[in-house]
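Every value quoted in this text rests on a predicted model; they were computed, and no experiment measured them. Protein chains get the first letters and strands the later ones, always in sequence-line order, with residue 1 at the start of each.
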Amino acid sequence: MGKLLRVAITLAVVVVAIIAGRWVWDHYLYSPWTRDGRIRANIITIAPDVSGWVNSVDVQDNQQVHKGDLLFSVDATRYQAALVELQAQLQSKQYAWDLANHKYERRKQLTGREAISEEDLETARINTEQAKAAFQLAQAELNTARINLQRTVIHAPDDGSIINLTLRPGNYVHQGTAVLSLVQTGSLYVTGYFEETKLPLIHVGQKAKVSLMSGGKPLIGTVTSIGKAIADTNVSSNGQLLPQIQQTFNWVRLAQRIPVDIQLDKIPNDINLSAGMTVSIFLQDK
Amino acid sequence: MFEELALGGLLFSPLVVFAPLAFVISFVTRQILHVSGLYQRIWKVAWFEVALYICYLALVVYLFGR
């Protein structure tokens with residue numbers, strides 16, 4: 001074997017090794033995968049539309065509910081009383097309007113005979129209009145009271161599971177303050193936090209393999225969107241409104257992580273997925 | 001497909017397995033070359049062996065780690 005051939009074989013192996021080593025490096029550093037993925041879901045926070053104490057809680061923690069199911073009810077006594085009060089007020093306004101109208105009709109007949117002035121008639125007419133407006137106002141208030149009474153029972157806005165239910169009968173709940181949350185059924189998706197260096201390799205529609213931390217068969221998903229913004233810590237300011245700039249090293253830079261949403265194609269029935277679980281995500285190369 | 005290695009609750013990179021595997025393959029190759037007598041004829045043995053090891057590692061990663 002000639003010397004030239006021996007040299008050539010070694011050099012060839014070295015060249016192949018350089019190419020292969022480069023490929024391994026790229027594979028680990030730039031292929032679009034992340035261990036920083038989470039299962040997420042649409043969470044609906046449920047707040048009562050009226051204040052009051054809770055009379056009954058009709059669901060249990062982690063219970064599956066359907067749209068329209070009764071969740072809990074707020075004590076309605078006060079709202080019933082308000083309804084009755086406004087009904088009486090409506091009636092009173094109705095009579096006031098009748099009376100004003102009656103007076104006006106009577107005065108209309110008197111004008112022909114010049115028994116009352118034009119101004120008196122006009123006043124009577126306006127009084128009637130005013131009584132009518134007062135009646136309509138009372139009607140509107142009654143309607144509001146009716147809505148309030150209806151809203152003392154809180155129904156599930158969608159199919160889902162109750163999460164972290166700490167509400168107990170007797171608790172006082174405030175209007176607009178959320179007291180329990182609901183995980184919408186079938187809304188589970190995955191968000192992967194990918195380093196920005198890997199973003200050029202990620203595009204919408206790409207297939208993703210999602211492995212749960214608990215193991216088992218990986219799930220298949222599709223990239224639906226790539227986050228367009230993350231918070232920049234340099235824009236916050238201190239008590240004197242001076243910008244708080246983070247000090248960094250010149251040559252060591254940490255890649256930011258960008259959220260990428262992945263829709264799961266099919267969730268097998270035998271897998272119990274909970275929002276918040278940790279997953280590893282591997283996107284298929286194109 | 002082989003992505004991570006769980007040992008007693010700690011997760012390791014699959015390279016923890018791939019690197020020794022590549023080493024074993026290159027060791028076997030070295031033994032074969034030695035027995036067949038080709039070993040003496042290689043120019044710059046150290047270069048050759050390191051390069052061969054990297055090639056094997058890439059091959060193992062390609063086969064099991066993708």
Side-chain angles (χ1 to χ4, degrees), chain A residues 1-38 190 192 194-195 198 201 206-221 277-286, chain B:
Chain A
M1 214 192 295
K3 165 107 179 165
L4 203 64
L5 185 64
R6 288 167 54 212
V7 172
I9 287 175
T10 302
L11 284 183
V13 174
V14 168
V15 168
V16 171
I18 289 170
I19 295 167
R22 174 69 202 265
W23 176 82
V24 172
W25 180 264
D26 284 354
H27 178 68
Y28 276 96
L29 217 59
Y30 298 116
S31 63
W33 67 278
T34 182
R35 312 181 61 82
D36 191 11
R38 305 294 290 267
V190 174
F194 287 87
E195 283 122 320
K198 293 175 176 174
L201 298 159
Q206 205 165 2
K207 284 282 164 204
K209 201 161 70 79
V210 178
S211 311
L212 294 171
M213 199 172 171
S214 55
K217 216 166 163 273
L219 308 168
I220 303 297
M277 276 182 171
T278 314
V279 292
S280 299
I281 300 164
F282 304 84
L283 298 183
Q284 311 289 308
D285 296 319
K286 273 281 154 73
Chain B
M1 186 103 178
F2 183 57
E3 281 123 12
E4 65 197 15
L5 197 65
L7 286 179
L10 291 176
L11 294 175
F12 291 95
S13 164
L15 269 187
V16 170
V17 172
F18 293 164
L21 191 61
F23 182 77
V24 168
I25 301 173
S26 44
F27 182 77
V28 169
T29 313
R30 189 165 177 256
Q31 290 299 327
I32 292 169
L33 287 175
H34 208 77
V35 169
S36 63
L38 288 171
Y39 197 71
Q40 266 67 14
R41 315 199 52 147
I42 294 168
W43 182 70
K44 301 270 186 195
V45 177
W47 285 35
F48 182 82
E49 279 192 8
V50 170
L52 201 65
Y53 173 74
I54 294 171
C55 289
Y56 281 144
L57 184 63
L59 186 72
V60 169
V61 169
Y62 183 82
L63 289 180
F64 303 110
R66 260 166 16 109

Please identify, among A/V7, A/V14, A/V24, the residue contributing the most non-hydrogen atom pairs under 4.5 Å to chain B.
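Heavy-atom pair counts peak at A/V7.
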
Counting heavy-atom pairs under 4.5 Å with chain A, which one of B/L57, B/L59, B/L15 comes out on top?
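That would be B/L15.
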
Checking A/S31 against chain B: side chain, backbone, both or neither under 4.5 Å from a heavy atom?
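The answer is neither part of A/S31.
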
Which heavy-atom pair separates [X] from [Y] by the least distance, and what is that distance?
| X | Y | value |
| --- | --- | --- |
| B/A51 | A/A17 | O-CB, 3.2 Å |
| B/S13 | A/Y28 | OG-CE2, 4.4 Å |
| B/C55 | A/V13 | SG-O, 4.1 Å |

Check: B/R41 side chain, A/R6 main-chain N or O, donor-acceptor pair, under 3.5 Å
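Side chain of B/R41 to backbone of A/R6, a donor-acceptor pair under 3.5 Å: no, none is there.
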
Hey, are the side chains of B/I42 and A/T10 touching, using non-hydrogen atoms and a 4.5 Å cut-off?
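SC-SC contact between B/I42 and A/T10 confirmed.
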
One pair to check against side-chain contact (heavy atoms from CB on, under 4.5 Å): A/L11 and B/W43. What are the steps and the verdict?
CA-CA 9 Å; A/L11 284 183; B/W43 182 70; 4.3 Å; yes

